Participant: 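What follows is a single structure, and I will ask about it in a moment.
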Amino acid sequence: MRFEIMRLDDTDGVATDRFIADADTVRELVETAAATGERLYIRPCPAA
């Protein structure tokens with residue numbers, strides 16, 4: 001399954017960066033974000 005990930009700005013929550021990733025990559029990003037306090041918005045990508 002693929003996911004859309006958006007990095008969110010700390011001040012107003014606006015998406016600053018968007019990309020598509022597989023589940024394993026999402027897990028790595030979530031672990032890194034949790035360690036650094038980064039805010040992410042993650043949602044499944046529609047099937048093509």
Side-chain angles (χ1 to χ4, degrees):
M1 180 172 224
R2 294 166 41 117
F3 297 88
E4 178 182 22
I5 299 140
M6 292 174 265
R7 287 191 168 100
L8 302 177
D9 183 83
D10 287 336
T11 56
D12 56 10
V14 173
T16 59
D17 197 13
R18 295 176 189 233
F19 51 96
I20 306 298
D22 62 10
D24 289 331
T25 302
V26 171
R27 182 174 324 170
E28 293 172 15
L29 290 168
V30 168
E31 289 174 359
T32 301
T36 62
E38 183 177 35
R39 295 171 56 197
L40 301 175
Y41 179 73
I42 303 169
R43 64 183 177 186
C45 286

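All values derive from a computational prediction rather than experimental measurement.
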Participant: Hydrophobic cluster membership, with links at side-chain heavy-atom distances under 4.5 Å among I/L/V/M/F/W/Y: are Ile5 and Val30 in one?
Facilitator: yes

Participant: Enumerate, atom names and distances included, each donor-acceptor pair closer than 3.5 Å involving a side-chain atom of residues 19-27, sequence neighbours excluded.
Facilitator:
unit_1, atom_1, unit_2, atom_2, d
Asp22, OD1, Thr25, N, 2.9
Asp22, OD1, Thr25, OG1, 2.7

Participant: Roughly how far, to the nearest 0.5 Å, is the CD atom of Glu38 from the CG atom of Leu8?
Facilitator: 9.0 Å

Participant: Report whether Ile42 and Leu29 are members of the same hydrophobic cluster (ILVMFWY, side-chain heavy atoms less than 4.5 Å apart, transitive linking).
Facilitator: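 Same cluster.
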
Participant: How far apart are the closest heavy atoms of Ala33 and Leu40, and which atoms are they?
Facilitator: CB-CD1, 3.6 Å

Participant: Working to the nearest 0.5 Å, report the span between CD of Glu31 and OG1 of Thr36.
Facilitator: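 Result: 12.0 Å between the selected atoms.
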
Participant: Would Met6 and Phe3 show up in the same hydrophobic cluster when neighbours are defined by side-chain heavy atoms closer than 4.5 Å?
Facilitator: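 Unlinked, Met6 and Phe3 end up in two clusters.
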
Participant: Might you point out which heavy atoms bring Asp9 and Arg39 nearest each other, and give the distance in Å?
Facilitator: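 Minimum heavy-atom contact is O-NH1, 3.2 Å.
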
